[in-house]
Amino acid sequence: MPPHRPLPENVSFPELEEKVLERWRELDVYNESLKRREGAPPYVFYEGPPTANGKPGSHHVLARVFKDIFPRFKTMRGFYSYRKGGWDCHGLPVEIAVQQQLGIDNKKQIEEYGIAEFNAKCRESVFEYLEDWTKLTERIGYWVDLDDPYRTLDTDYIESVWWALGQLWQKDLLYEGFKVVPYCPKDGTALSSHEVSQGYEDVEDPSVFVRYPINQPHGVLREGDELLVWTTTPWTLVSNAAVAVDPELTYVRTANGEVLAEALVTRVIGEEAQVVDRFKGADMVGAGYEPPFPYIPASEYGEKGHTVLPADFVSAEDGTGIVHTAIAFGEDDFRLGAEQGLAVINPVRADGTYDERIGPYEGRFVKEADDDLIEDLRSRGRLFRAEKLFHAYPHCWRCGTPLLYYAKPSWYIKTSQLRDRLLAANESVDWHPEHIKSGRMGRWLENNVDWALSRERYWGTPLPIWRNEAGETVCVGSFAELKELSGVELDDPHRPFVDDVEIPSPTGGEPLRRVPEVIDVWFDSGSMPFAQWHAPFENQEKFEEQFPAHYICEGIDQTRGWFYSLLAISTLLFDRSSYETCLSLGHIADETGKKMSKSLGNIVVPWDVIDRHGADAFRWYFLATKLPWEGYNFNTDTVGESLRQFLLQLWNTYGFYVLYANVNDVAREDVPPANDLDRWVLSRLAATVETVTDRLEHYDATRAGQTIQAFVDDLSNWYVRRSRRRFWDGDPAAFATLRRALVTVTQLLAPFTPFIADEIYDNLDGSEPSVHLTDWPEPGERDEALEFAMATVRETVRLGLAARGQAKLKVRQPLRAAVVVASGAEREAIERLQDLALDELNVKALRYVSQADELGSYEVKPNYRALGPRFGKHMKLVASAVAALDPAHVATALRGGTTVAINVDGHDHELGADDLMLAMSPLEGYQLEREGSHAVALELELDDELRREGLAREIVHAIQNARKSAGLQVEDRIHLGLGGDEELLAAAREHEEYVKRETLALSAEFNGAGAVEPVKIEGRPLHIVVERA
RNA sequence: GGGCGAUUAGCUCAGUCGGUUAGAGCGCUUCUCUGAUAAGGAAGAGGUCGGUGGUUCGAAUCCACCAUCGCCCA
């Protein structure tokens, strides 16, 4: 039996991967890898839960691949890394999917359908594509426990979330306030921002400028002044509460007493405006005015009702620089009201009509009252000007009704109170890329506003707050507490069942009923560090052991999603971040940079890539071709490219080993390196292990991968290429060295491309059942002198081949000598590895010259990096002084270890070896290739001996081609017959041993083989007959 | 409208946190090597490093503004 399984003729990675998967299943490798690390220090990863109500796409593959690699790496490094899967189950997207399925589109219809039935549909819908997810997850080799995942809809999970909310309640961090939301008066529901962005339409709206006469002078404002105020929503003027100005902005008074921002005078009033006074906005603050409509008196709003207030949102871009503020109808307005202590007064009913407080307008739909309100203003002399304005305004995406912005009661978490703690927690996170910390996340946290927690929806974790009209309120922190308070034990804490639970009033009043809201789904998923274990009700130790996470990874869009909710909840509860390192991924686009979308038809379906190129190719593309946070422009072919460039090259090197190891029946034994090439490749291997380990420790898969790729390239295109003969001859040291290199590469590669790595490992080593059960390799000894020597000699070869190319002389034609310009360490290096250079360049000898003038001349250049900081402004003078030096003199001086003097600006300076750089300059009349101070020239004269040797090599080349077309195996021996041109035959006779050895010929006849079609060598015919011996 | 990020060869991407000839792979042209390889090697064409200013002895790199694209938020 051969030592290794022979490789298939044409490898199919997708098929191979399926076989490896089969083996993993049989051996239960993932669980085995955990079992072997029991008791080891934990490495904690948190899975950001996807929602399984749609098919997974390529962006999910991207995230899952990056989630996978580091826990695999850390497991091999000796850590215990349990990865619990998770599913996000609640939320509006699920509800909308079900609504579409049921053909209904508003809340009223949901309630008619029945909340219990509706939520039951949601529960089904949320796992509709679970099987697709599970299949893809397994197929791409993402190791995560999907047998026992956390699910945000589970009773235990919800109880942990309730616990967290109870904690917040006890810390007084949970409160009910108002929130201004886009609201559809027809459907009677608030819309999410996602829905709003779907419904922008260009419409014509009124644009009115209104006079607000000052009636309580203050600061610079006096009786007779009129503030000019602009609005596009006249219907909100009836509940004007105050006006806002920018305290820093300059305002003016015109001759007519009109007051507005200086920058807008011309646009609002015109060229004829006469400015009589200038002042800052701050000087206007505190003055009182007469509101445009009399229905709601200033006192209702509080002390500052109908006065001028300072604000930071006032713009001098449009309007008048004085902003009408109606607390209930705008985000900025509402915030200003909260800051200044103004009461929220909303005289508009839920159906969009005015209530009784607006006298004559009661019952009118607000938007339709605009024209009458404008006329009303005009008739009282309060209108300055009315125009029409085209702009984009949001409409309800379902019914087309213009949306109103309304202040509605809503539950909040006081995150803004802990802003400093959030920033401190953020500071402790190791972000990748770095700029997220102070950029996207940092800026977001600095502007933190309270977390709007509640949603007026159905499918979600119910907000566990019970209260009655008397204001008695409890926040229930566990099911046991609920039972204790209400006597009810819930099977399912979802709506509507939880809505039926009543808690008797502690004072004998009305029973407490639950508030109707459910909570934001981000609070669900952000609670997973404890809720996934049902902590603190059980598994408290498990939670503590698995908190915080060492590593999390998601798309960059999660900055304000999961990254934030995890950070916020753990800061609120534990005053620390729940993750140490966070890798944020960019988005994927097609190869032209366009977003992938169904309508463009440019979506890359994961299964297409996997079926065509395999999961490892997909993984390698994502992990190792570029830095992940800027996103990927790709299509299926792009993935194929990375396959060819790396995996196929590795596979062929491995195939080469197996082929000759089997031919020579090579034992799997360790043999010490036998020559410099062996020692070199092992040193390069050690360097590779060092770098890859370091990069992976720093969550830099890209450079780790590229380092492996560079090594495999060296291995294939230098080590193997230069060692071929030793493999043909069965040299045990060569096999042992290559095998060690390949096996170590499979270990380095295991976290990247787990399938191919395991396949190769299994066939070459197999001392463990899987490469994923091995310990991460130790670097081993480096020989940096040898690495330098090899780099130098490869440079010599490159230069020599370039010179051959210039001379149009084939490598097959031997030459007498190459002349190498090199000195010191370079020369020693080349001498040490001279045989490699002779063979690669096909020359009989290397001749060294160390003096530049023998082959070329030197040029001296300043080392700017060293001299720049020293000379600063004088750098230009230094450069010309250096240029004026005699290069030969400098070369001698620097070789001798002495310095060179220059004079700059009348001062003498000494320059040493680090300050100057010597380079070869081209010299006419020589076939010479140069790089820095290193150059190679060729002796081009040929004699008959060399020419015949060249012919012999041509003949060998022709015979090899004949072997191949005769379908012989590489190890087959032959009987060779040659005929044809006499000069060719003479060359073959002269080099008979060489020809026989190279072509594995046991016998050779050079007396004619005329029956076959001749090949031409330099125009001469050669007949070749090969017969298997 | 605000915040964050990106823009480098025909394409996909590097560029060591300011150093003087800006690199790699793919693709293209010419040549070459082969007992593993859809391989490998050499040469060539292809760049005003998105634009404009600025800082500096020196800018792809730092700053400002602008343009385009992406993401997040309004």
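In what follows, every heavy atom counts, from backbone to side chain, and hydrogens, waters and symmetry copies are set aside. Quick note on labels: first sequence line is chain A, next is B, and so on, each numbered from 1. Computed from a predicted model, the values in this text were never measured in an experiment.
Between atom CG of residue A:Leu567 and atom CE of residue A:Met441 there is a gap of 5.5 Å, rounded to the nearest 0.5 Å. Taking CG of A:Leu650 as the start and CG of A:Asp713 as the end, the distance is 11.5 Å to the nearest 0.5 Å.
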- Message: Dot-bracket, 5' to 3', for RNA chain B please: Watson-Crick or G-U pairs under 3.5 Å, [ ] where pairs cross earlier ones, | where the partner sits on another strand, dots elsewhere.
- Response: (((((((..((((.....[...)))).(((((.......))))).....(((((..]....)))))))))))).
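Nearest-nucleotide positions on RNA chain B for A:Gln706 and A:Asp557 put A:Gln706 closer to the 5' end. For the pair A:Val720 and A:Glu434, both in contact range of RNA chain B, the more 5′-proximal nearest nucleotide belongs to A:Glu434.
One can place CZ of A:Phe656 at 8 Å from C1' of B:G35, the figure rounded to the nearest angstrom. Across the protein-nucleic acid pair, A:Phe646 atom CZ and B:C13 atom P stand 19 Å apart, rounded to whole Å. Atom CG in A:Asp700 sits about 12 Å away from atom C1' in B:U16, given to the nearest Å.
Comparing B:A24 with B:U8, their C1' atoms sit 13 Å apart, to the nearest whole Å.
Residues passing the side chain to side chain contact (heavy atoms under 4.5 Å, CB included) test with A:Ser723 are A:Leu677, A:Tyr719, A:Arg726, A:Phe727, sequence neighbours excluded. Scored by the side chain to side chain contact (heavy atoms under 4.5 Å, CB included) test, A:Arg739 finds A:Tyr657, A:Arg668, A:Asp670, A:Val743, A:Leu764, A:Asp765 as partners (sequence neighbours excluded). Under the side chain to side chain contact (heavy atoms under 4.5 Å, CB included) criterion, A:His909 pairs with A:Arg870, A:Phe871, A:Ile902, A:Val904, A:His907, not counting sequence neighbours.
Within 4.0 Å (heavy atoms only), A:Ser716 reaches at least one base atom of the nucleic acid.
Contact check of residues 626-636 of chain A against RNA chain B (heavy atom, cut-off under 4.0 Å) returns A:Lys626, A:Leu627, A:Glu630, A:Asn633.
Both thresholds, 5.5 Å between centres and 30° between ring planes, are met by A:Trp728 relative to the base of B:G35, so the two rings are stacked.
For the ring pair (Phe, Tyr, Trp, His ring centres under 6.0 Å) test with A:Phe618, the passing option among A:Trp620, A:Phe622, A:Tyr621 is A:Phe622; the others fail.
Look at A:Asp714 and A:Arg794 and you find a salt bridge, because one of the NZ, NE, NH1 or NH2 atoms lies within 4.0 Å of a carboxylate O, short of that distance. For A:Glu949 and A:Arg812, the salt-bridge test fails: no basic side-chain N is under 4.0 Å from an acidic carboxylate O.
For an aromatic pair to be called close, the ring centres must be under 6.0 Å apart, and A:Trp651 with A:Phe646 fails this. Outside the 6.0 Å centre-distance limit, the rings of A:Tyr183 and A:Phe329 are not counted as a close aromatic pair.
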- Pair A:Leu643-A:Phe13, side-chain contact (heavy atoms from CB on, under 4.5 Å): steps then yes or no: CA-CA 10 Å; A:Leu643 171 84; A:Phe13 287 122; 3.5 Å; yes
Give every pair of a protein N or O atom and an N or O atom of nucleotides 32-34 of chain B that lie under 3.5 Å apart, one pair per line with the distance.
| from | atom 1 | to | atom 2 | distance (Å) |
| --- | --- | --- | --- | --- |
| B:C33 | OP1 | A:Arg812 | NE | 3.4 |
| B:C33 | OP2 | A:Arg812 | NH2 | 2.8 |
| B:U34 | OP2 | A:Arg812 | NH1 | 2.4 |
| B:U34 | OP2 | A:His957 | ND1 | 3.3 |

